[in-house]
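The structure appears below as structure tokens.
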Amino acid sequence: MILLIDAGNTRVKWRVVAAAEPLQAVDEGALAHDRLAALTTALAAVRSRHPGLRRAFGCNVAGTEVAAAIARACAGLALDWLRPSAACGGVRNLYEAPARLGADRWAALIGAHRLHPHACLVVSAGTATTVDLLTADGDFLGGLILPGVELMQQALAHGTAQLPLAEGRFTPMPRRTVDAIRSGCLQAQAGAVERMFRQIAGEPQALCLLGGGAADSFAGLLEIPLRRVDNLALSGLGALAAAHDEH
Ligand SMILES: Nc1ncnc2c1ncn2[C@@H]1O[C@H](COP(=O)(O)OP(=O)(O)O)[C@@H](O)[C@H]1O
Ligand SMILES: CC(C)(COP(=O)(O)O)[C@@H](O)C(=O)NCCC(=O)O
Ligand SMILES: [K+]
């Protein structure tokens, strides 16, 4: 059994898998890491439910404090962190500086290519939204980083005198300030995704794989071939862990 961990800037997602292929998720969850003590407690509870755990494999883009808290919670397990490289798991990383790619993006690209080995737009709607282009051959051609929905709404509230941080609803022709804000942020997300999809739209079986905490807020706006898939990063980590189970 292996504990897979995807530490993003808002939530830590985790999954316990039986070590051999095909990976069976034995347990899965997520927790906001705004309180690191809660993170340690939650991971300790996972470990107590799975005493057979010996290994943990993760990706972290949330900084060194979160990494240290996870390492403490994984004391006694062999904990490895995924470092983006030039090639791994059937995917080639064409980033100018491959190691600078977010490890969550890298893990999600590996998970996406396993799930759908055709042209793919891998979208993670998290704290930030990432929109990554993957060819049928597994070449990661590059991708976007933009503020996530909530960050966009917070930017408007903090950056203006009159705009509130309030719950608006999507509407095609907003006539209320809070709806104008919500709709603008959702349209911006959908626009970025649909514009990037155009670059692969002509490829056979081209598909957008959309996941992340904010995915459901704009999935319905997307007029492209779409599959809602959460936790692609965990799936990518699982694929790599199973492939290298000897170490
Ligand atoms: N209903 C919602 N509408 C928009 N954003 C949402 C909604 N629910 C959760 N989110 C957002 O999802 C994000 C967390 O998703 P997650 O994929 O775990 O992010 P990360 O990987 O960055 O930790 C947060 O930015 C949160 O605001
Ligand atoms: C873009 C991200 C912040 C997304 O992280 P998340 O929203 O999932 O917390 C993360 O992938 C990251 O820190 N990337 C490093 C820079 C890059 O990918 O170019
Ligand atoms: K993420």
State plainly whether one hydrophobic cluster holds both [X] and [Y], where clusters connect Ile, Leu, Val, Met, Phe, Trp and Tyr through side-chain heavy atoms under 4.5 angstrom apart.
{"X": "Val61", "Y": "Val131", "answer": "no"}
{"X": "Leu209", "Y": "Leu226", "answer": "no"}
{"X": "Val229", "Y": "Ile200", "answer": "no"}
{"X": "Val178", "Y": "Leu156", "answer": "no"}
{"X": "Val122", "Y": "Leu115", "answer": "yes"}

Arg195 atom CZ: more than 12 heavy-atom contacts under 6.0 Å: no

Point-to-point distance, once rounded to the nearest 0.5 Å, from [atom1] of [X] to [atom2] of [Y]:
{"X": "Arg176", "Y": "Ser183", "atom1": "CZ", "atom2": "OG", "value": "9.5 Å"}
{"X": "Leu121", "Y": "Leu144", "atom1": "CG", "atom2": "CG", "value": "8.0 Å"}
{"X": "Cys59", "Y": "Asp80", "atom1": "SG", "atom2": "CG", "value": "13.0 Å"}
{"X": "Cys120", "Y": "Leu109", "atom1": "SG", "atom2": "CG", "value": "8.5 Å"}
{"X": "Leu31", "Y": "Thr10", "atom1": "CG", "atom2": "OG1", "value": "12.0 Å"}
{"X": "Leu232", "Y": "His113", "atom1": "CG", "atom2": "NE2", "value": "13.0 Å"}

So which heavy atom on [X] is nearest to which on [Y], and how close?
{"X": "Asn93", "Y": "Pro84", "value": "ND2-CB, 4.3 Å"}
{"X": "Ala62", "Y": "Asn9", "value": "CA-OD1, 3.9 Å"}
{"X": "Ala214", "Y": "Ser217", "value": "O-OG, 2.6 Å"}
{"X": "Arg11", "Y": "Ala30", "value": "NH1-CB, 3.7 Å"}
{"X": "Ile110", "Y": "Gly89", "value": "CG2-O, 4.1 Å"}
{"X": "Ala25", "Y": "Glu28", "value": "CB-OE1, 4.3 Å"}

Ignoring hydrogens and angles, state whether a donor on the side chain of Ser235 or Arg15 is under 3.5 Å from an acceptor on the partner side chain. yes

Does the side chain to side chain contact (heavy atoms under 4.5 Å, CB included) test come out yes or no for Met196 and Leu133, once each step is laid out? CA-CA 8 Å; Met196 288 298 278; Leu133 289 158; 3.6 Å; yes

In short, ring pair (Phe, Tyr, Trp, His ring centres under 6.0 Å) pairs touching residues 129-155 with sequence neighbours left out are Tyr95-Phe140

Residue pairs, two or more places apart or on separate chains, that pass ring pair (Phe, Tyr, Trp, His ring centres under 6.0 Å) and touch residues 152-211: none

Using the side chain to side chain contact (heavy atoms under 4.5 Å, CB included) criterion, which residues pair with Leu165? Sequence neighbours excluded. Gln153, Gln154, Ala157

So, the side chain of Asp139 versus the backbone of Leu141: is there a donor-acceptor pair under 3.5 Å, distance only? no

Would a distance-only check, ignoring hydrogens and angles, find a side-chain to backbone donor-acceptor pair under 3.5 Å from Asp216 to Ala219? no

Can you confirm whether [X] sits close enough to [Y] that some side-chain heavy atom of one is under 4.5 Å from a side-chain heavy atom of the other?
{"X": "Val16", "Y": "Arg49", "result": "no"}
{"X": "Arg182", "Y": "Val149", "result": "yes"}
{"X": "His50", "Y": "Leu3", "result": "no"}
{"X": "Ile2", "Y": "Leu237", "result": "no"}
{"X": "Thr135", "Y": "Glu203", "result": "no"}

Stepwise side chain to side chain contact (heavy atoms under 4.5 Å, CB included) check, Trp106 with Leu240: CA-CA 11 Å; Trp106 186 229; Leu240 294 177; 5.7 Å; no

Please list all pairs passing the salt bridge (Lys or Arg N to Asp or Glu O under 4.0 Å) test where one or both residues lie in residues 122-137, with sequence neighbours left out. Arg105-Asp132

Does Asp179 form a salt bridge (charged side-chain N to carboxylate O under 4.0 Å, His left out) with Arg169? I'd like the steps, not just the answer. CA-CA 5 Å; Asp179 294 345; Arg169 293 157 41 96; 5.4 Å; no

All N/O donor-acceptor pairs, side-chain side in residues 36-47, below 3.5 Å, sequence neighbours left out:
from: Thr40; atom 1: OG1; to: Leu36; atom 2: O; distance (Å): 3.3
from: Thr41; atom 1: OG1; to: Ala37; atom 2: O; distance (Å): 2.9
from: Arg47; atom 1: NH1; to: Ala73; atom 2: O; distance (Å): 3.0
from: Arg47; atom 1: NH1; to: Ala75; atom 2: O; distance (Å): 2.5
from: Arg47; atom 1: NH2; to: Ala75; atom 2: O; distance (Å): 3.0

Could you list the donor-acceptor pairs under 3.5 angstrom formed between side-chain atoms of residues 184-194 and any protein atom two or more places apart in sequence or on another chain?
from: Gln189; atom 1: OE1; to: Thr129; atom 2: OG1; distance (Å): 2.6
from: Gln189; atom 1: NE2; to: Pro147; atom 2: O; distance (Å): 2.8
from: Glu194; atom 1: OE2; to: Glu223; atom 2: N; distance (Å): 2.7

